[in-house]
Amino acid sequence: MELYKENQLKIYNSLTKSKELFKPVTEGRVGMYVCGPTVYSNAHLGNVRTFMFFDVVYRYLLHLGYKVRYVRNITDAGHLENDADEGEDRIAKKARLEEIEPMEVVQRYTVDFHNVLNNYNFLPPSIEPTATGHIVEQIEMIKEIMEKGFAYEVNGSVYFDVLKYNETGNYGILSGRKIEDAIHNTRALDGQSDKRNPQDFALWKKADERHIMRWPSPWSDGFPGWHLECSVMSTKYLGEQFDIHGGGMDLKFPHHECEIAQSQTCSGITPVNYWMHTNMLLLNSQKMAKSTGNYILPNEILTGENDILGKAFSASVVRFFNMQANYRSILDFSGEALIAAEKGHTKLMEAVSFLDKIEAGSTSTFDVQKWKQDCYDAMNDDFNTPILISHLFEAVKVINQIKEAKASLTSKDLTVFKNTVNAFVFDVLGLMNERSEGNNSDKLSGVVEMLINMRKEARENKNWALSDEIRDRLLALGIQLKDGREGTTFTVS
């Protein structure tokens, strides 16, 4: 029997602001859409936190036995510099500044995004559609919205009529914003805008002569609005109504609010049953953002080549750090927090590495079945990874007691115990055991650490020639040393 039939998963629904029992549209199948990156720059760790959480959601749904279609898009056109439908396309601006083609920008940062996710042990989505690959479908959706009377064209641009929609719909249902308040607090249009009302948003924008990215349409040569692409791609691959839509909380308004209005106008039904939003990742107690320069790139953490951390950390430690906080909570990233997470991660992996050495006893001194259910209860409670991790450390305690001959498990309980630990540590949380026995990286680490100590001794003795020779020979082998406040670390290329 599939595990989902015996587990009652509850999800916090941003739409209703409450935890609800998860019931998919089609039994045994889940459709999940997550807003992907706008590929005009490298994704920083704050961006990756959202994708990392939904990777765990995807993994757990698969673990429960659901057939999951996970769609995560790539925004490669239409995302302007601000949410007021003004400014340049972010990708086109990058292309203009670097004097390259927009699709070169898209290719560069899409490849980087995939490399980051591969390094951090993400499962690939089922489908990864692009905005530019669905221009025809976006034009067709605009036509449908116009035919229903909820959009208008002015000077080659098409806008969604929010006030018209709100006569029968509820623009603000997700974010809790009331249209009356928005009208009251919005400045009057300055006469330069084609919009009838400030609340209206673009479905299609006419491109001026400087705009590089443009496509022909019934209204003008132009480009689709940013909000439109997700409505088109989610419904194309998941249907008019699907189960889960995720993203960062900064997308709740206006992006997701506009998606609901567009999709519901076309289908007449609620497009998504469960909306999920992750909270912010801070860096040293300040919002992580490229606009302020307060950010760190995921690969900089792995190499240690940054001005924020004193050493390099593994991808698995960063995953572990992220999972120690609830996805709806603000998480503060710092060197001290990562060092603490590394200690916990090491302790967990040392215990997991000992699992296969455990031999069955004649009795069980630990209630494995209750502990197993506690693990499932944690994940069934809105994917509560911090509570799951606390239960995994109960398992660590038991493993260490067995090491010291202070506890034992019968053969049956030991099998359940091993399978459950491995399932949640590796399959669900997606952690990696760099300490596993037989792994050549352990032996390499030991040799390099010995050479680092020899180099340190040479430096203390002011034997700079030997110190430099050790560094240079390691570099020739693809091993780069980095001296930092916490000592010397190394990376392997």
Among residues at least two apart in sequence or on other chains, which ones pass side chain to side chain contact (heavy atoms under 4.5 Å, CB included) with Glu6?
Met1, Leu3
Within 6.0 angstrom of Lys17 NZ, more than 12 heavy atoms from elsewhere:
yes
In chain order, what residues pass the side chain to side chain contact (heavy atoms under 4.5 Å, CB included) check against Arg471, with sequence neighbours excluded?
Arg455, Asp468, Leu481
Does a donor on one side chain sit under 3.5 Å from an acceptor on the other, for Glu394 and His391?
yes
Regarding Ser314 and Ser316, is there a side-chain donor-to-acceptor distance under 3.5 Å anywhere?
no
Any salt bridge linking Glu350 with Lys403? Criterion: basic side-chain nitrogen under 4.0 Å from a carboxylate oxygen.
no
Taking the six-membered ring of Phe321, is NZ or CZ of Arg49 closer than 6.0 Å to its centre and within 45° of its axis?
no
Check for me whether the distance between the ring centres of His44 and Phe333 falls short of 6.0 Å.
no
Can you confirm whether the side chains of Asn433 and Ser353 place a donor and an acceptor under 3.5 Å from each other?
yes
Under the salt bridge (charged side-chain N to carboxylate O under 4.0 Å, His left out) test, which residues partner Lys412, sequence neighbours left out?
none
Ring pair (Phe, Tyr, Trp, His ring centres under 6.0 Å) contacts touching residues 276-317 (sequence neighbours left out)
His256-His277
Any donor-acceptor pair under 3.5 Å from Glu137 side chain to Met233 backbone
no
When you measure from the side chain of Tyr327 to the backbone of Phe383, do you find a donor-acceptor pair of N or O atoms at a distance under 3.5 Å?
no
Mind checking side chain to side chain contact (heavy atoms under 4.5 Å, CB included) for Gln286 and listing every partner two or more places apart, or none if nothing turns up?
Asn294
Taking Asp55 for the side chain and Phe122 for the main chain, is one N or O donor matched with an acceptor at less than 3.5 Å?
no
Excluding sequence neighbours, so at least two apart, what forms side chain to side chain contact (heavy atoms under 4.5 Å, CB included) with Glu27?
Tyr4, Lys5
Whether Arg72 engages the ring of Phe54 as a cation-pi pair (distance to the six-membered ring centre under 6.0 angstrom, angle to the ring normal within 45°) should be assessed.
no
Would you say the side-chain atoms of Lys290 and Ser41 include a donor-acceptor pair closer than 3.5 Å?
yes
